[in-house]
There are 2 protein chains.
Amino acid sequence: MAISMYQASIPVFVRTFGNLSAILKKAAAYAEARKIEPRVLLDARLAPDMLSLTRQVQIASDTIKGCGARLAAIDAPKYEDKEASFDELQARIAKTIEFLNSLRPEQIDGSEDREITIPTRDQPLKFKGQAYLLYFVLPNFFFHVTTAYAILRHNGLDIGKMDFLGKP
Amino acid sequence: MAISMYQASIPVFVRTFGNLSAILKKAAAYAEARKIEPRVLLDARLAPDMLSLTRQVQIASDTIKGCGARLAAIDAPKYEDKEASFDELQARIAKTIEFLNSLRPEQIDGSEDREITIPTRDQPLKFKGQAYLLYFVLPNFFFHVTTAYAILRHNGLDIGKMDFLGKP
């Protein structure tokens with residue numbers, strides 16, 4: 001008995017990205033109710049050299065679609081990073097979840113020792129599949145979703161930890 | 001071949017908490033160099049009704065020591081939440097890591113189906129061990145460490161994603 005690579009990745013991503021979708025719906029409603037120009041929230045950031053809300057969502061999407069594709073040894077869908085509204089971010093999340101849900105456990109399971117190479121600005125990062133998931137993808141994914149949450153909290157959105165965690 | 005409950009928990013916690021320790025060392029040095037009263041950073045928060053940096057570290061500690069103890073079916077060490085300096089937060093992190101490192105894989109492995117009950121202000125949350133780890137502990141832990149990071153970034157500390165992820 002142990003956790004499969006599929007169990008530790010795809011359903012975790014889908015659950016948390018669904019929670020982010022619900023948070024962004026609240027953000028869009030908040031902008032409308034308070035007559036806040038949506039771009040103010042979409043472009044908000046916690047420091048001048050941190051990434052905006054929109055980029056946090058895009059990178060979270062890239063992190064998990066890239067993970068699903070690499071573990072399954074298939075090509076990830078390419079998205080153009082042109083989202084400029086809450087509706088477009090919702091569409092980005094929906095197609096990311098749709099891709100993840102198209103992956104079957106048997107494509108992901110057994111990828112613990114798969115060689116994974118991540119291109120970076122400097123040297124490429126090299127991992128085995130399991131270390132890639134546990135030490136790179138999960139921290140990165142939660143980092144960007146949490147930062148999106150924090151940007152919205154910092155800008156007055158009334159959300160709490162249970163919005164982030166979702167219903168058990 | 002699959003991921004053991006131990007592999008998906010203790011080393012992941014230890015790695016990320018070690019990264020947080022290094023980030024807090026940079027924060028203490030930054031406070032000293034810029035003549036910032038340490039309490040300003042320790043009490044900093046991203047919204048008036050969000051928790052301070054100190055509380056983020058304490059709750060991250062509680063999350064992972066509680067997880068290690070619950071999965072091993074032993075009592076977690078109790079810490080008093082009295083940390084009031086960077087040095088005391090470092091000591092909290094060190095004793096948390098020491099406790100986690102005292103847990104052996106054979107105490108944690110096989111806890112996938114263990115019944116876990118988490119007291120909350122409302123109804124207690126009930127999980128099986130695997131769902132507790134994947135859907136509650138890991139998101140919560142990364143949430144609080146990321147928020148600690150974001151508080152410090154928002155307050156001008158020069159850190160980047162690699163400080164959060166640590167060396168692969």
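Order of the sequence lines sets the chain letters (A, B, ...), proteins ahead of strands, with each chain counted from 1.
When ring centroids are compared, A:Phe142 and B:Phe141 stay outside the 6.0 Å threshold.
The choice from A:Thr146, A:Thr147, A:Ile3 that makes the most heavy-atom pairs within less than 4.5 Å of chain B is A:Ile3. Top candidate by heavy-atom pairs under 4.5 Å with chain B, chosen from A:Ser4, A:Pro11, A:Ala150, A:Gly110, is A:Pro11. Top candidate by heavy-atom pairs under 4.5 Å with chain A, chosen from B:Asp113, B:Asn155, B:Val12, is B:Val12.
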Listing, residues 131-140 of chain B side-chain donor-acceptor contacts under 3.5 Å, not counting sequence neighbours, or none:
unit_1	atom_1	unit_2	atom_2	d
B:Tyr132	OH	B:Cys67	N	3.4
B:Tyr132	OH	B:Arg70	NH1	3.0
B:Asn140	OD1	A:Lys161	NZ	2.5
B:Asn140	ND2	B:Phe136	O	3.3

Check residues 48-57 of chain B and write down every donor-acceptor pair under 3.5 Å in which the side-chain atom is one partner and the other belongs to a residue at least two apart or another chain.
unit_1	atom_1	unit_2	atom_2	d
B:Asp49	OD1	A:Arg153	NH1	2.8
B:Ser52	OG	B:Arg55	N	3.2
B:Thr54	OG1	B:Leu42	O	3.1
B:Arg55	NH1	B:Gln58	OE1	2.7
B:Gln56	OE1	B:His144	ND1	2.8
B:Gln56	NE2	B:Leu51	O	3.1

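Looking at B:Phe164, only its side chain comes within 4.5 Å of chain A, counting heavy atoms on both sides. Heavy-atom distances place both the backbone and the side chain of A:Glu112 under 4.5 Å from chain B.
Ion pair A:Arg39/A:Glu37 not flagged as a salt bridge, since none of the NZ, NE, NH1 or NH2 atoms sits closer than 4.0 Å to an Asp/Glu carboxylate oxygen. Note on A:Lys26 versus A:Asp158: no salt bridge recorded, every NZ/NE/NH1/NH2 to OD/OE distance being 4.0 Å or above.
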